[in-house]
Number of protein chains: 2
Amino acid sequence: MTTIQDVAKAAGVSAMTVSNVINGHPNVRRTTREKVLEAMARLDYRVNVAARNLRKGRTGTIGLAVPEVNSPYYSRLAAGVIAAAARRGLRVGIEQTGATRESELDALSLSRNRLYDGLLLSAVGLGQTDAERLAPDQPVVVLGDRITGGPVDHVGMPNLEASRAAVTHLVERGCRRIALVCGAVDEVDTSSLRLAGYRQALTDAGLPHDPELVREVSRFTLAEGARCARDMVTSGLDPDGVFCVTDTLATGVLRGLADTGVPVPGRVKVIGFDNIAESAYLVPSLSSVDPDHDAMAEHAVALLAARIDQDEPPPRYEEFVSGFTLVIRESTGGP
Amino acid sequence: MTTIQDVAKAAGVSAMTVSNVINGHPNVRRTTREKVLEAMARLDYRVNVAARNLRKGRTGTIGLAVPEVNSPYYSRLAAGVIAAAARRGLRVGIEQTGATRESELDALSLSRNRLYDGLLLSAVGLGQTDAERLAPDQPVVVLGDRITGGPVDHVGMPNLEASRAAVTHLVERGCRRIALVCGAVDEVDTSSLRLAGYRQALTDAGLPHDPELVREVSRFTLAEGARCARDMVTSGLDPDGVFCVTDTLATGVLRGLADTGVPVPGRVKVIGFDNIAESAYLVPSLSSVDPDHDAMAEHAVALLAARIDQDEPPPRYEEFVSGFTLVIRESTGGP
DNA sequence: TTGTACGCGTTATCAT
DNA sequence: ATGATAACGCGTACAA
């Protein structure tokens with residue numbers, strides 16, 4: 001391990017001068033600089049990032065805690081975050097929390113321990129009360145629908161409006177018995193917010209609220225979507241429209257409907273949420289809500305970077321809600 | 001920022017004793033330990049990971065360099081790697097290289113700079129000659145098909161055998177004009193190896209090799225797959241089977257065939273490679289080669305961890321090739 | 001323009 | 001069972 005001292009000795013200068021060369025400081029004579037660069041190359045010198053981190057009190061790395069990275073939604077989020085961080089010279093460490101509260105708290109600890117300069121937390125296990133226990137000076141940005149309104153910065157989706165728009169679209173396409181495929185709705189989260197939008201749209205259209213049409217699944221997976229669709233058909237529920245709270249669920253639903261011989265969009269129309277890349281290429285292609293992933297990732301990183309750069313707790317916490325667009329494809333009858 | 005010194009002072013002991021408490025060393029009296037723990041809690045002490053890293057010469061983090069994380073294949077790889085690393089108490093930093101040689105070299109530098117204890121590199125831009133310039137003592141495990149046989153450890157897929165099996169399956173289902181959808185094949189890489197397997201299978205079956213049936217796409221994307229399928233149909237190529245080198249391409253191909261009204265598997269049978277999660281839920285569901293992702297991730301991390309634990313350059317480099325299974329679904333006529 | 005001295009927070013070694 | 005001291009490698013005042 002050659003150190004900066006070794007290079008200094010080999011080049012006949014002080015370590016300080018080597019440091020100045022490395023960091024591109026101006027006050028170094030050309031000849032000196034070249035001597036130093038030559039010595040660095042000859043000794044195959046590498047800066048020790050750990051030492052630099054200790055000295056600077058910064059690691060140049062932010063953490064991203066997500067339930068899992070192997071899902072279209074979270075991997076897209078991760079890609080956007082990594083790219084946005086790279087634009088700012090930051091690296092990203094990824095923690096998979098498995099959607100458990102405990103793992104999410106662990107990720108927060110790692111950040112407090114200065115392994116990360118700050119943390120982007122996709123909260124699924126944690127709730128609002130946990131957020132209130134966060135240290136106010138800890139650079140944290142929360143994503144998702146479980147925590148809003150401080151005391152942390154938050155980046156979220158326009159759940160209510162977008163869901164309402166999606167269901168209204170189904171109504172406009174002639175649907176009258178519209179099912180919702182969502183998760184458990186006992187707490188404030190993605191499912192409960194999108195359920196609210198669904199209900200508003202029904203009310204707007206003067207349609208009845210049939211509780212039977214709200215179908216809860218245990219997880220947002222392809223398998224659960226397919227199972228749920230088959231259940232709906234075999235139980236004789238007979239919806240003519242289905243709004244799924246994620247595209248992954250919707251993909252499973254399309255498959256389940258195919259299994260039971262129900263034509264889409266002929267007999268049932270389907271719309272999802274997230275507009276994942278695959279949706280445009282399914283057969284039939286899937287209509288979806290596009291929440292502007294890139295803007296979310298960019299804003300989340302920007303907020304976190306800003307927090308990292310200020311030592312003081314902020315006067316107020318930011319709330320960013322992305323825009324959305326409705327992407328109409330074959331599963332609801334096409335554009 | 002309370003330091004270990006602050007805690008020591010508050011507890012009336014030395015910093016060393018505090019360190020011993022933190023790290024669970026045995027020789028600490030019960031009463032002392034409790035005093036220290038109390039002081040730590042009272043002062044809200046957090047270990048400084050950067051300082052610990054400097055002292056230990058380890059960061060406890062490995063790097064994973066992949067072209068992009070927003071793809072079913074790489075996000076699954078990342079998920080497996082993160083989980084395998086977590087089982088060993090390691091964290092994972094992710095670098096997106098955009099498949100460029102330069103970015104892959106950057107990732108190697110970061111690792112050399114001891115930001116990471118070691119690097120898992122999905123090589124796409126780098127080739128065998130680059131590998132030969134790697135420092136022999138640098139803990140690196142290469143994934144993918146561009147670099148094999150040292151001087152680094154390597155984890156790969158059974159490209160030739162698996163491709164051969166996939167195409168042979170098409171033959172057994174009655175296909176005689178089998179197209180291959182792959183990338184450019186001018187170098188040793190995934191496409192060229194799978195092309196070789198494709199050719200072997202044709203030869204095995206006594207089928208002619210029609211160069212027209214080898215279709216090159218510029219990227220392994222859904223869009224390219226769809227475009228390629230439409231090209232094949234409109235140009236009158238008229239294949240009765242298609243082997244795609246990735247499931248993402250195959251998903252696009254299914255869509256392209258649907259666009260042109262070609263029934264699958266009735267008129268054309270399609271098989272992919274990777275067995276991504278979505279494949280089982282497409283309509284029609286997609287037959288595919290399953291390369292045992294979990295074993296690959298686990299082995300890659302195990303190899304890297306082993307390299308990190310030895311200071312000496314290894315006597316020889318390891319080569320791990322995963323097993324595979326053929327998963328037969330509707331796109332080739334079902335099981 | 002270059003060099004000196006010291007601090008960053010932790011832990012290993014050695015001694016008590 | 002506990003403590004003193006010295007690194008780990010780099011960056012920053014400050015001095016020259």
Side-chain angles (χ1 to χ4, degrees), chain A residues 1-40 43-61 89 109-117 311, chain B residues 1-40 43-61 89 109-117 311:
Chain A
M1 296 289 103
T2 76
T3 74
I4 204 171
Q5 312 286 347
D6 300 333
V7 175
K9 208 162 294 173
V13 300
S14 76
M16 191 55 237
T17 303
V18 179
S19 175
N20 282 334
V21 170
I22 293 171
N23 299 304
H25 284 227
N27 291 348
V28 180
R29 212 177 320 175
R30 276 268 305 264
T31 56
T32 314
R33 177 192 312 284
E34 276 153 20
K35 259 194 316 190
V36 170
L37 288 174
E38 184 277 329
M40 282 174 48
L43 300 181
D44 191 28
Y45 168 75
R46 310 278 166 167
V47 293
N48 186 320
V49 180
R52 177 181 283 172
N53 288 346
L54 174 59
R55 177 66 229 201
K56 298 225 236 197
R58 288 276 173 85
T59 66
T61 300
S109 289
L110 290 176
S111 181
R112 294 226 69 187
N113 291 355
R114 281 153 287 186
L115 173 67
Y116 300 129
D117 291 342
D311 326 316
Chain B
M1 296 287 107
T2 75
T3 76
I4 204 171
Q5 313 285 349
D6 300 334
V7 176
K9 210 162 292 174
V13 299
S14 77
M16 196 56 236
T17 301
V18 178
S19 175
N20 284 334
V21 170
I22 293 170
N23 298 301
H25 284 227
N27 288 347
V28 179
R29 214 178 318 178
R30 276 267 307 265
T31 55
T32 314
R33 175 190 314 283
E34 276 154 18
K35 257 194 319 193
V36 170
L37 289 174
E38 184 276 329
M40 282 173 48
L43 300 180
D44 191 27
Y45 166 77
R46 309 278 165 170
V47 295
N48 184 322
V49 179
R52 174 180 285 174
N53 288 347
L54 173 59
R55 180 63 233 202
K56 295 224 225 198
R58 289 276 174 85
T59 65
T61 299
S109 289
L110 289 175
S111 180
R112 295 225 70 188
N113 290 357
R114 283 154 286 185
L115 173 67
Y116 300 130
D117 292 341
D311 323 317

Any idea which heavy atoms bring [X] and [Y] closest together, and the distance?
X	Y	value
A:R112	B:D44	NH1-OD2, 3.3 Å
B:V7	B:M40	CG1-CG, 3.6 Å
B:I22	B:R52	CG2-NH2, 3.7 Å
A:N53	A:R58	OD1-O, 3.0 Å

Who pairs with [X] by side-chain contact (heavy atoms from CB on, under 4.5 Å), at least two apart in sequence or on another chain?
X	result
A:Q5	A:T3, A:A15
B:A11	B:V13, B:V36, B:A39
A:R55	none
A:S109	B:R46

(request) Strictly below 4.0 Å, heavy-atom distances to any atom of DNA chain C: list the hits from residues 110-117 of chain B, or just say none. (result) none
(request) Quantify the bending of the helix from C:dT1-D:dA16 to C:dT16-D:dA1 as the angle between its end axes, each fitted on five pairs, to 10°. (result) 30°
(message) According to salt bridge (charged side-chain N to carboxylate O under 4.0 Å, His left out), does anything in residues 3-22 of chain B pair up with another residue at least two apart or in another chain? List the pairs.
(response) none
(message) By the salt bridge (charged side-chain N to carboxylate O under 4.0 Å, His left out) test, which pairs, at least two apart or in different chains, include something from residues 20-30 of chain B?
(response)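 Sorted pair list: B:R30-B:E34.
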(message) Using a strict heavy-atom distance below 4.0 Å, which residues from residues 10-18 of chain A are in contact with DNA chain D?
(response) A:M16
Which part of the nucleic acid does [X] contact within heavy-atom distance under 4.0 Å: base, sugar-phosphate only, or nothing?
X	value
A:R55	base
B:N20	nothing
A:I4	sugar-phosphate

(request) Between B:R33 and A:I22, just flag the one whose closest nucleotide in DNA chain D comes earlier from the 5' side. (result)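 It is B:R33 whose nearest nucleotide is closer to the 5' end.
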(request) With DNA chain D as reference, determine whether A:S19 or B:R29 sits nearer its 5' end, using the nearest nucleotide of each. (result)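 So the residue in question is B:R29.
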(request) Report the distance from atom CG of A:N48 to atom CG of A:L54, rounding to the nearest 0.5 Å. (result) 10.0 Å
(request) Can you measure from CD1 (B:I4) to OH (B:Y45) and round to the nearest 0.5 angstrom? (result)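 Rounded to the nearest 0.5 Å, the CD1-OH separation comes out at 4.0 Å.
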(request) Name the first nucleotide and the last nucleotide along DNA chain D (5' to 3') that come under 4.0 Å of a heavy atom in chain B. (result)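 For DNA chain D, the relevant span reads D:dA1 to D:dG9.
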(request) For DNA chain C, note the earliest and the latest nucleotide, 5' to 3', having some atom under 4.0 Å of a heavy atom belonging to chain B. (result)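 For DNA chain C, the relevant span reads C:dG9 to C:dT13.
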(message) According to side-chain hydrogen bond (donor to acceptor under 3.5 Å, both in side chains), who are the partners of A:D117, at least two apart in sequence or on a separate chain?
(response) A:T59
